[in-house]
Enquirer: 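I have a structure here, written as structure tokens, and I will follow up with some questions on it.
Letters A, B, ... are given to chains in the order of the sequence lines, protein chains preceding strands, and every chain is numbered from 1. On a predicted model such as this, the values are computed, not experimentally measured, just so you know.
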Protein chains: 2
Amino acid sequence: MPKVGMQPVRRQQLIDATIESVAEFGLQATTINRISEKAGLSSGIISHYFAGKQGLIEATVRYLLSNLKKVLMEGLTPTTTPEQRLMLIIEANFSRLQQQSETTKTWLSFWSQSMHDYELHRLQIVNSRRLFSNLACSFKQLMSDDDAKLAAQLCAAMIDGLWLRAVLSKSDENEFERCEYLAKNYVNSLIKQYGA
Amino acid sequence: MPKVGMQPVRRQQLIDATIESVAEFGLQATTINRISEKAGLSSGIISHYFAGKQGLIEATVRYLLSNLKKVLMEGLTPTTTPEQRLMLIIEANFSRLQQQSETTKTWLSFWSQSMHDYELHRLQIVNSRRLFSNLACSFKQLMSDDDAKLAAQLCAAMIDGLWLRAVLSKSDENEFERCEYLAKNYVNSLIKQYGA
DNA sequence: TTTTTTATTGAACGTTCAATTAACAAAAAT
DNA sequence: ATTTTTGTTAATTGAACGTTCAATAAAAAA
């Protein structure tokens, strides 16, 4: 100490600890003491690195969003067909459930809070629109523009609905797999219904 | 004072004030001071009538649930067909958006908190299962049992997904009507797909 | 008329919380 | 060798929170 270059390390530790705390206690009961304990650090360090609790919360949401985006990007290649891309979108959305079960539980907390927090709401809109436009972009290669928009809206709603119900019922991994299967099925039925 | 029989009056006032406060500030920032101010009463009265803040929160959720149930019951007659019943279920779910816009904003807060609160979670499960079984019961009169369960799950997810996306995007009433229309359309397509 | 009941308030209280900061230590820079 | 920088902690602070409760008032009951 000082071991120069600790900032990104500590920031990530705190973000990870935040995710863990929100998953376990909920956003409301997540205090900086709980976060710092999980990170094995002192509470003062949150103010130091993130200017306070709110900064840490926002950074955590941004981290989760960039993770979701990364999962999707990793599966895409130049030869990916529209159908495959749609399936990848679904996998990306449900894979976060399977691979990061703690992350799952935190989304609901953040979105609920986003209704009353300007910055979080802005991030949520980005997220929601990204899902919609990813879906619409792929559907557009399979059907007319208007139909693609409708299909994207319905598909996004189905994804979110299946996700919400699975999360709220505290389902296990089998249920999430089933939801992924159902969502993929629904994509196929949309393609059949509206496809050229 | 004492004007005998004030308990139910005051309880309802506090419940209404809670809904208003949660809609405006979110559950996390809803304090008993905020609630009592909106109700025009003192904060001590919350402890008196509900044994504390937690009791008031739970009573509020129960009130919202019973409201939802009532809206549905009001539309049913002995001659209601299964199709009509399905449409009524959808209207009941989306009508709470149109008629009680403050109520809408509070659901997300409550369900998010339900992940970390035993009693709220129990109530949420009741709510979720009620929607599913209402849908399944009607679908069963139109198709095989297995197909009815699947249709009910998909339909419930679509309803919840459309609702979630509309709420999170802070949509206006036109969007909610559109969601109701889309959900009804989806019910029809499910009947066509799986119906006998 | 007196006592009890109902209803309500607002202050006091202990606890919790996020933010601040003095202090310290060690590595890096001068 | 000295100074600066980086990193971190523990202690402190003041505000906010929910709960408790003594006190009060008026209606109802005896």
Side-chain angles (χ1 to χ4, degrees), chain A residues 1-22 24-61 106 109-110 112-113 116-120, chain B residues 1-22 24-61 106 109-110 112-113 116-120:
Chain A
M1 328 171 175
K3 205 188 321 186
V4 179
M6 289 305 291
Q7 201 195 62
V9 175
R10 292 289 183 249
R11 285 177 65 98
Q12 191 60 47
Q13 280 175 331
L14 288 168
I15 286 173
D16 291 337
T18 302
I19 292 169
E20 194 177 328
S21 175
V22 171
E24 185 174 348
F25 303 111
L27 187 54
Q28 182 166 336
T30 286
T31 61
I32 61 171
N33 275 346
R34 279 182 167 150
I35 295 171
S36 55
E37 274 169 18
K38 283 188 181 293
L41 305 166
S42 80
S43 65
I45 209 165
I46 292 176
S47 185
H48 179 69
Y49 281 124
F50 294 97
K53 183 183 179 184
Q54 179 70 8
L56 174 55
I57 297 292
E58 288 170 15
T60 303
V61 172
T106 62
S109 289
F110 289 133
S112 170
Q113 186 61 19
H116 309 282
D117 180 306
Y118 175 78
E119 185 62 23
L120 287 189
Chain B
M1 324 170 170
K3 205 194 303 186
V4 177
M6 290 305 292
Q7 201 197 59
V9 175
R10 292 287 183 248
R11 283 176 64 97
Q12 191 59 48
Q13 280 176 330
L14 289 168
I15 286 173
D16 291 337
T18 301
I19 292 171
E20 193 177 329
S21 175
V22 171
E24 185 174 350
F25 302 112
L27 186 54
Q28 182 167 337
T30 288
T31 62
I32 62 169
N33 275 345
R34 279 183 166 150
I35 293 171
S36 55
E37 273 170 20
K38 283 187 182 296
L41 305 166
S42 79
S43 66
I45 208 168
I46 292 176
S47 184
H48 178 70
Y49 281 124
F50 294 98
K53 183 183 179 184
Q54 180 70 8
L56 174 55
I57 297 292
E58 287 170 15
T60 302
V61 172
T106 64
S109 288
F110 287 132
S112 169
Q113 186 60 18
H116 308 282
D117 181 306
Y118 176 78
E119 185 61 25
L120 287 189

Enquirer: Can you check whether Gln113(B) reaches Ile57(B) side chain to side chain, under 4.5 Å on heavy atoms?
Expert: no

Enquirer: Within the sub-3.5 Å range, which N or O atoms of nucleotides 20-24 of chain C have a protein N or O partner, and how far apart are they?
Expert:
none

Enquirer: Whole Å only: how far is the CE atom of Met6(A) from the C1' atom of dT5(D)?
Expert: 15 Å

Enquirer: So which of Ile32(B), Ile15(B), Val61(B) actually passes side-chain contact (heavy atoms from CB on, under 4.5 Å) with Leu56(B)?
Expert: Ile15(B)

Enquirer: Using a 4.0 Å cut-off on heavy atoms, which residues in residues 27-39 of chain A reach DNA chain D? List them by number, or say none.
Expert: none

Enquirer: How close do Leu14(B) and Ile35(B) get, heavy atom to heavy atom, and via which atoms?
Expert: O-CG2, 4.0 Å

Enquirer: Measure from CZ on Phe50(B) to P on dT19(D) and round the result to the nearest Å.
Expert: 13 Å

Enquirer: Counting side-chain heavy atoms from CB outward, which of dT8(C), dG7(D), dT19(D) is closest to Lys53(B)?
Expert: dT19(D)

Enquirer: Please determine if a side-chain N or O atom of Lys3(A) lies less than 4.0 Å away from the OP1 or OP2 oxygen of dG7(D).
Expert: no

Enquirer: OP1 or OP2 of dG7(D) versus the side-chain N and O atoms of Arg10(A): is any pair under 4.0 Å?
Expert: no

Enquirer: So, the side chain of Ser21(A) versus the backbone of Ala17(A): is there a donor-acceptor pair under 3.5 Å, distance only?
Expert: no

Enquirer: Which residue pairs pass the side chain to side chain donor-acceptor pair (under 3.5 Å) test with at least one member in residues 42-52 of chain A, sequence neighbours excluded?
Expert: none

Enquirer: Taking atom types as modelled, is there a side-chain donor on Asn33(B) or Glu37(B) under 3.5 Å from an acceptor on the other?
Expert: no

Enquirer: How long is the line joining CG of Leu41(B) and P of dT6(C), in whole Å?
Expert: 19 Å

Enquirer: In whole angstrom, give the distance that lies between atom CD1 of Ile45(B) and atom C1' of dT6(C).
Expert: 11 Å

Enquirer: Taking atom C1' of dA19(C) as reference, at what distance in whole Å does atom CG of Leu14(A) sit?
Expert: 15 Å

Enquirer: Determine the contact category for Ile46(B): base if any of its heavy atoms lies under 4.0 Å from a base atom, sugar-phosphate if only primed atoms, P, OP1 or OP2 are that close, otherwise nothing.
Expert: nothing

Enquirer: Separation of Phe25(A) atom CZ from dT16(C) atom P, in whole Å?
Expert: 14 Å

Enquirer: Check each of Gln12(A), Gln7(A), Met6(A) against Arg10(A) using the side-chain contact (heavy atoms from CB on, under 4.5 Å) test, and report the only one that passes.
Expert: Met6(A)

Enquirer: Select base, sugar-phosphate, or nothing to describe what Tyr49(A) touches, counting heavy atoms under 4.0 Å on all strands.
Expert: sugar-phosphate

Enquirer: Could you tell me whether Glu24(A) and Lys38(A) make a salt bridge, using a distance below 4.0 angstrom between a side-chain N and a carboxylate O?
Expert: yes

Enquirer: Work out which heavy atom in His116(B) is nearest to a heavy atom in Val22(A); give both atom names and the distance.
Expert: CE1-O, 3.4 Å

